[in-house]
Amino acid sequence: MTTSRRLAVALIAATALALSGCGGDGEDTPPATDGGDDGGETAEFPEGSTMARLAEAGTITVGTKFDQPLFGLVGPDGVPEGFDVEIAKLIAGELGIDEDDIEWVETPSQNRETAIENGDVDIVVATYTINDERKQRVGFAGPYYLAGQSILTLASNTDIQGPDDLSGKRVCTVSGSTPEGNLLANFPDVDVVPFGTYSECLEPLRNGQVDAVSTDNVILAGFAAESDDLEVRGDPFTEEPYGIGVAKDDVEFRMWINDVLEEIFADGRWTAAWEATAGTVLPTPEPPSVDRYED
Amino acid sequence: MGVIFDNASTYVDGFVVTLRLTAYAGALALVLGVIVAGLRVAPLRSLRLFAAAWVEVLRNTPLTLVFFFMVLVAPQFGILLPLGFWTAVLCLGLYTSAFVAEAVRSGINGVGVGQAEAARSIGLTFGQTLREVVLPQAVRSTIPPLINVLIALTKNTSVAAGFATVELIGVGRRLSTANAGDPWVLVGVAAFYLVITIPAGLLASALERRVAFAR
């Protein structure tokens, strides 16, 4: 049963990837580049705006993760794949930039603010949680996705379908992490089993020494994507809004990206991008609403 | 600083686990270590080799690796230990036993060869020689280095924090997260370790003086 479902998922993913691949060549151009009005694109943007500059240059530098399965992961061919990557392609497409003209730069978590401040990248789409501390240094469009703490268990486990089923169960997490704190504070009946890293939780999970692993669903989805015997269950029970990082004072660009996001939320391109990538492992959520905060 | 007093009972919970880890692992290490030290001076070559391998492998392996092996590798060979406290005791006990064995062996070597020869010449077996003649004399010079081994063990229990045991470090990490990384949290953790290690150190020096006097 599982095998056939998996096959179906793989097929959908492959089709979607193939489609988006063709799109770049401008053949039928479904999601990204809006074919016809390529010429008029430049004129749409106000003089001197970042959008006009990028559209004029015909290229954009995007910071993303290179090692985050389903969001930004570089394959053997050197091209990153994942949900973040698809979102960046959609934004670039709205600027009239072909996906082959996007320059991808790896931005690990600790380098993201610096990369934006130095102008090394135009935008950062890299599982980037919006918070007030970071807003001191960079601007955030979005959120375009609400990540959050979730549960990973064995595919064969039928007891645990969501956070409410954790009572009395042994749940593995990382010692001293925020997810551990959440479990201790909000699920007093859970037997918390702390390890040093999340990957160390997997062996005890497979051996039945723990019943589940809990942390951000994005991390869990990465594990589930790599092994058929693991599944992410239930909706996230905390909220980590992922935003698109831009230069702090470039409010015009930030608001324009918000417009683009609202457009792709509404016309289904967002959902299609999700289902082709992270949606192969995680449930498909409703699009979030963007936060047009004032400085 | 207030964070330490506000969470005193949480600290004490972790401290008790650290103390129990030290006590059980120390007891296991002492028993194993004395046996292994005995084997190292045994008349049978194979026993000596076994004991030497035991000491060298455990003493030259990082403790974290011992834990990794017991917790994450052993299950793949069908050895499924219960997660948490008792596995930590086993790992710490095995690891420390190598150091105990070395301390005891140096004590045994410190007893004049003539003692063992005399014991054998009056017909005592190897076991009797060790038990009745050599070890009682070796214990004297062995106790101060053994206390140092136990102090090291106390600090080594912190490795268990990464392997499903919530002791002082585990509690410290939780408190640190809950208190936005307040640096005083770790000061409190250090203070509780000192509660064990400083008295042990003082005891070691006091015993050292007594041993020196008795000689």
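Just so it is clear: chains get the letters A, B, ... in the order the sequence lines come, proteins before strands, and each one is counted from 1. Here the structure is a predicted model, which means the values were calculated and not measured.
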For [X], look at atom [atom1] and say whether over 12 heavy atoms of other residues, nucleotides or ligands are found less than 6.0 Å away.
| X | atom1 | value |
| --- | --- | --- |
| B:K155 | NZ | no |
| A:E239 | CD | no |
| A:E133 | CD | no |

State, to 0.1 Å, how close [X] and [Y] come at their nearest heavy-atom pair, and which atoms those are.
| X | Y | result |
| --- | --- | --- |
| A:P204 | B:L83 | CB-CD1, 4.1 Å |
| A:P194 | B:R174 | CG-NH2, 4.2 Å |
| A:N207 | B:P75 | ND2-CB, 3.1 Å |
| B:R173 | A:S175 | NH1-OG, 2.9 Å |

Could you tell me the separation between the CZ atom of B:F163 and the CD atom of A:E200, rounded to the nearest 0.5 Å?
5.0 Å

Distance (rounded to the nearest 0.5 Å) between B:L72 CG and A:Q209 CD
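It is 8.5 Å, given to the nearest 0.5 Å.
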
For A:L202, which atoms come within 4.5 Å of any heavy atom of chain B: side chain, backbone, both, or neither?
neither

By a 4.5 Å heavy-atom criterion (distance strictly below it), what part of A:T197 contacts chain B: side chain, backbone, both, or neither?
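Contact with chain B is absent: no heavy atom of A:T197 under 4.5 Å.
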
For chain B, find which of A:V193, A:V210, A:L184 contributes the most heavy-atom pairs closer than 4.5 angstrom.
A:L184

Between B:A164 and chain A, which part of the residue has a heavy atom less than 4.5 Å away: side chain, backbone, both or neither?
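For B:A164, heavy atoms of backbone and side chain both lie under 4.5 Å from chain A.
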
